[in-house]
2 protein chains.
Amino acid sequence: MMDLDGPEPLYIQIAGILRRRIADGTYPPRSKIPSAEALRAEFGVSRVTAVNAVGILLNEKLVQGVVGKGTYVSEPPETSGED
Amino acid sequence: MMDLDGPEPLYIQIAGILRRRIADGTYPPRSKIPSAEALRAEFGVSRVTAVNAVGILLNEKLVQGVVGKGTYVSEPPETSGED
DNA sequence: CCTCATTTGTTCGTATGTATA
DNA sequence: TTATACATACGAACAAATGAG
């Protein structure tokens, strides 16, 4: 289980960790990130806290949630020319 | 509709009621217990809460779930000699 | 083979109540 | 009072499996 002991709120810390995993390709575009239940188990927090963490990424449009299916990593925005 | 108003969580109370019904033979071995939808109606809770209650019995191996069919009461464990 | 209804099990998103700082 | 965190609970939606027809 992941250790969280920084000064920041848990949901902020977890959001940061997930954001990093998206950036470094651990969770590639269109892939499904772990469920709220899985995040709850991984980080040792309540499900609500896991949901709130993912909620930050939803707000940033880094991921998209689909009820009954899961939460998926968004397509990266086109920078200018994809060359 | 069954009344639940104890201090314990609904899913714990419902699991206790179902456990008692198995013990007293209301739901005999190999019989099918009511579906999640039927439990939802009987106890006046959400389907998820009914599923969670049954999940406790699944964890205790008192029942076995079969997707598409139902949830069945397990065989009672052999005590020593089945005399 | 296909469609429909039922059923288990999972998932997201939200709301409420409690406790803590 | 506000922010955080937890457990509980609900509704909606989805997948997979089963069985009827």
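Just the heavy atoms: all of them, side chains too, but no hydrogens, waters or symmetry mates, feed the values below. Numbered from 1 within each chain, the chains take letters A, B, ... in sequence-line order.
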Should A/L39 and A/V48 be regarded as members of a common hydrophobic cluster, given that ILVMFWY residues are connected when their side-chain heavy atoms come within less than 4.5 Å of each other, either directly or indirectly?
no
Do A/R30 and A/E75 meet the salt-bridge criterion of a basic N to acidic O distance under 4.0 Å?
yes
With a cut-off of less than 4.0 Å, is there a side-chain N or O of B/Y11 near OP1 or OP2 of D/dT8?
yes
Could you tell me whether the side chain of B/Q13 and the main chain of B/E8 form a donor-acceptor pair under 3.5 Å?
yes
N/O donor to acceptor pairs below 3.5 angstrom from side-chain atoms of residues 57-73 of chain B, sequence neighbours left out:
{"from": "B/E60", "atom 1": "OE1", "to": "B/R19", "atom 2": "NE", "distance (Å)": "3.0"}
{"from": "B/E60", "atom 1": "OE2", "to": "B/R19", "atom 2": "NH2", "distance (Å)": "3.0"}

Reckon B/T49 has a side-chain N or O less than 4.0 Å from the OP1 or OP2 of D/dC10?
yes
Under the side chain to side chain contact (heavy atoms under 4.5 Å, CB included) rule, what do B/I56 and B/N52 come out as? Steps first, then yes or no, please.
CA-CA 7 Å; B/I56 293 177; B/N52 286 342; over 6 Å; no
Options D/dC6, D/dA5, D/dG11, nucleotide nearest the side-chain atoms of A/P9:
D/dA5
Nearest to the side chain of B/L10, which nucleotide is it out of D/dA13, D/dA9, D/dA17?
D/dA9
Is A/F43 reachable from A/L10 through a run of hydrophobic residues whose side-chain heavy atoms are each under 4.5 Å from the next?
yes
Does B/T71 make a side-chain N or O approach to OP1 or OP2 of C/dT8 shorter than 4.0 Å?
yes
Which residue lies toward the 5' end of DNA chain D, A/G68 or A/E8, if each is placed at its nearest nucleotide?
A/E8
If you check the B/V67 side chain, which of D/dT8, D/dA12, C/dG9 turns out closest?
C/dG9
Among residues 50-61 of chain A, which contact DNA chain D at a heavy-atom distance under 4.0 Å?
none
Are B/I12 and B/L18 linked, directly or through intermediate hydrophobic residues, by side-chain heavy-atom contacts shorter than 4.5 Å (ILVMFWY only)?
no
Check every atom of C/dG9, D/dA7, D/dA12 against the side chain of B/R47 and return the nucleotide holding the closest atom.
C/dG9
Given C/dT7, D/dA15, D/dA12, identify the nucleotide with an atom nearest to the side chain of A/K69.
D/dA15
Using the C1' atoms of the five pairs at each end, what is the angle between the end axes of the helix from C/dC2-D/dG21 to C/dA21-D/dT2, to 10°?
0°
Is it possible for you to say whether A/V45 and A/V54 belong to one hydrophobic cluster, with membership spreading through side-chain heavy-atom contacts below 4.5 Å?
yes
